[in-house]
Visitor: 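Encoded as structure tokens, here's the structure I'll be asking about.
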Protein chains: 2
Amino acid sequence: MAILTEKQKALVEKIGIFHETAGMQPAAARVMGLLFVSSTPQLTFDEITELLQISKSATSNAINLLIQTGQIEYTTFPGDRKRYFKLKIKNWREGFKKKIEVMTGFQVLLREVLELRKEENTHCDCSKLEEVVSFLEFLHQELPKLVERWEKSRT
Amino acid sequence: MAILTEKQKALVEKIGIFHETAGMQPAAARVMGLLFVSSTPQLTFDEITELLQISKSATSNAINLLIQTGQIEYTTFPGDRKRYFKLKIKNWREGFKKKIEVMTGFQVLLREVLELRKEENTHCDCSKLEEVVSFLEFLHQELPKLVERWEKSRT
DNA sequence: TCTTTAGTTCATAATTTTGTGAACTAAAAA
DNA sequence: TTTTTAGTTCACAAAATTATGAACTAAAGA
């Protein structure tokens, strides 16, 4: 069975903490770390369990979460019941788009604020809020173009 | 003392949940919501405590966190010991920059992964990882320019 | 048919996060 | 000097999140 060097273990934790900080469950975050770091491009359920020293249920839980959120995927081989898990990095563009959606989605809440303030007839200055709304709108338009621009720059 | 309408209360919660989802502590997230929604442009410690129905310690904790992370600020008035808290929306550009830094900061971890893989002499395909690194680099360069472009478009 | 494999599920335990209220502080007011 | 105001601090409680291990399932192999 594959084993991790100390350096690899440390990096798994580092990447784990990064994802944890971004709101991911600890075990799932370590699985991400492991799949990034592992020299083997794909790992089985049991390998993940053993390399991370977590219980089978923790692994099951983490893996299902990551599959559901589109961050990992698996392949199988004929005559082998194991699933081989790997990062779905092909999809990083998708992931980026999702992040943009969330960020610019705050716009909707800000509009509600502005609407409500109008109703309540308050006389306070809303120009800064309007500025943020405008910027989020701008981002929403421009970020996809930016991705395209990058894609062209690579060909 | 100011009181919130049902609509306002609902929106405070909505904005609260948005910030909570983004990793903020619940109470702090409600304070953000309140300061966005409140028709009064600034609120005192006690107003926050009463409007949100939380304890003084929860308010103290939340406020200090938000001040520390540069998301709110306060003003005072001569002959009045109270602090009047408000959003530091002037700083939203700063906040945006911070978010970019965090996101593109993942690049550093990815480089470590690539470095380690080279050391371990693995033969697996790293091209997708390199692609992500390249894109994060591109973003790091381009996003500040994008902000500038938006600023010009507004004048 | 019996066993093994590759997981899943669930009750419960451990840990972490968050909130509370009472006691405290430091400055201003009376 | 005593009291009030505007908070802060801290020990503890409540709640939410995670992890565990034992029991289970469903398919494949012997």
Side-chain angles (χ1 to χ4, degrees), chain A residues 1-2 12-13 15-35 40 42-69 71-86, chain B residues 1-2 12-13 15-35 40 42-69 71-86:
Chain A
M1 229 271 291
V12 167
E13 289 304 311
I15 295 177
I17 287 174
F18 181 89
H19 282 99
E20 231 180 300
T21 305
M24 188 178 284
Q25 296 177 3
R30 303 311 131 116
V31 172
M32 288 299 285
L34 182 58
L35 291 178
T40 327
Q42 1 184 59
L43 293 170
T44 67
F45 188 99
D46 278 329
E47 283 171 330
I48 293 171
T49 301
E50 287 187 42
L51 287 171
L52 293 181
Q53 306 260 57
I54 58 180
S55 66
K56 287 210 293 173
S57 21
T59 304
S60 176
N61 181 37
I63 277 173
N64 290 325
L65 178 76
L66 293 173
I67 286 174
Q68 241 210 326
T69 55
Q71 316 200 58
I72 68 172
E73 63 187 337
Y74 61 86
T75 32
T76 50
F77 298 99
D80 184 352
R81 263 200 293 159
K82 282 180 200 126
R83 292 183 291 172
Y84 293 82
F85 299 96
K86 60 177 173 178
Chain B
M1 230 272 290
V12 168
E13 290 304 311
I15 296 177
I17 287 174
F18 180 89
H19 281 98
E20 231 180 301
T21 305
M24 190 178 284
Q25 294 176 3
R30 304 309 132 115
V31 172
M32 289 298 285
L34 182 58
L35 291 177
T40 328
Q42 1 184 60
L43 292 170
T44 67
F45 188 99
D46 278 330
E47 283 172 330
I48 293 171
T49 301
E50 286 187 41
L51 287 170
L52 293 181
Q53 307 259 60
I54 58 179
S55 65
K56 287 210 291 173
S57 21
T59 304
S60 175
N61 180 36
I63 277 174
N64 290 325
L65 178 75
L66 293 173
I67 287 174
Q68 242 212 326
T69 54
Q71 317 201 55
I72 68 172
E73 63 187 337
Y74 61 86
T75 34
T76 50
F77 298 98
D80 184 352
R81 261 200 293 159
K82 280 178 200 129
R83 291 183 291 173
Y84 293 82
F85 298 96
K86 61 176 174 179

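No experiment lies behind these values; they were computed from the predicted model shown. Numbers restart at 1 for each chain; the letters A, B, ... are given by sequence-line order, proteins then strands.
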Visitor: Would you say B/Phe45 has more than 12 foreign heavy atoms packed within less than 6.0 Å of its CZ?
Guide: yes

Visitor: Roughly how many Å is it from CG in B/Leu65 to P in D/dT9, rounded to a whole number?
Guide: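 From B/Leu65 CG to D/dT9 P: 14 Å.
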
Visitor: C/dT20 P sits how many Å from B/Lys56 NZ, rounded?
Guide: 13 Å

Visitor: If you only use heavy atoms from C-beta on, which nucleotide in C/dA28, D/dT18, D/dT20 is closest to the side chain of B/Arg81?
Guide: C/dA28

Visitor: Please list, chain by chain and in numerical order, all residues satisfying salt bridge (charged side-chain N to carboxylate O under 4.0 Å, His left out) with B/Glu13, sequence neighbours excluded.
Guide: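 B/Glu13: salt bridge (charged side-chain N to carboxylate O under 4.0 Å, His left out) contacts with B/Arg30.
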
Visitor: If you count the non-hydrogen atoms of other residues, nucleotides and ligands that lie under 6.0 Å from OH in A/Tyr84, is the total more than 12?
Guide: yes

Visitor: Report the residues that fulfil side-chain hydrogen bond (donor to acceptor under 3.5 Å, both in side chains) with B/Thr69, sequence neighbours left out, ordered by chain and then residue number.
Guide: B/Gln71

Visitor: When you measure only distances, ignoring hydrogens and angles, does the side chain of A/Ser57 come within 3.5 Å of the base of D/dG21 through a donor and an acceptor?
Guide: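 Indeed, a donor on one side and an acceptor on the other fall under 3.5 Å apart.
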
Visitor: Whether B/Arg83 contacts C/dA27 is assessed here as follows: a side-chain N or O lying under 4.0 Å from the phosphate OP1 or OP2. Is that the case?
Guide: no

Visitor: May I have the distance from A/Glu50 (atom CD) to C/dG7 (atom P), rounded to whole angstrom?
Guide: 13 Å

Visitor: In whole angstroms, how far is the P atom of C/dT4 from the CG atom of A/Asp80?
Guide: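 It is 18 Å, rounded to the nearest whole Å.
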
Visitor: Give me the one residue out of A/Thr44, A/Ile67, A/Leu43, A/Thr59 that meets side-chain contact (heavy atoms from CB on, under 4.5 Å) with A/Phe85.
Guide: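 Exactly one pass, corresponding to A/Ile67.
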
Visitor: Between A/Lys82 and C/dA6, does any side-chain N or O lie under 4.0 Å from OP1 or OP2?
Guide: yes

Visitor: Whole angstrom is fine here: how far is it from CD in B/Glu47 over to P in D/dA6?
Guide: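 About 11 Å, once rounded to whole Å.
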
Visitor: Quick check: on DNA chain C, is the nucleotide nearest B/Pro26 upstream (toward 5') of the one nearest A/Asn64, or the reverse? Name the residue that is more 5'.
Guide: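 Nearest nucleotide further toward 5': that of A/Asn64.
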
Visitor: Figure out the CD/C1' separation between B/Gln25 and D/dA14, and round it to whole Å.
Guide: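 Going from CD in B/Gln25 over to C1' in D/dA14 covers 16 Å.
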
Visitor: Calculate the interatomic distance between B/Ile54 atom CD1 and D/dT8 atom P; express it in whole Å.
Guide: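 It works out to 13 Å between those atoms.
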
Visitor: How long is the line joining CG of A/Asn61 and C1' of D/dG21, in whole Å?
Guide: 15 Å

Visitor: Below the 4.0 Å mark, does D/dT8 have OP1 or OP2 next to a side-chain nitrogen or oxygen of B/Ser60?
Guide: yes

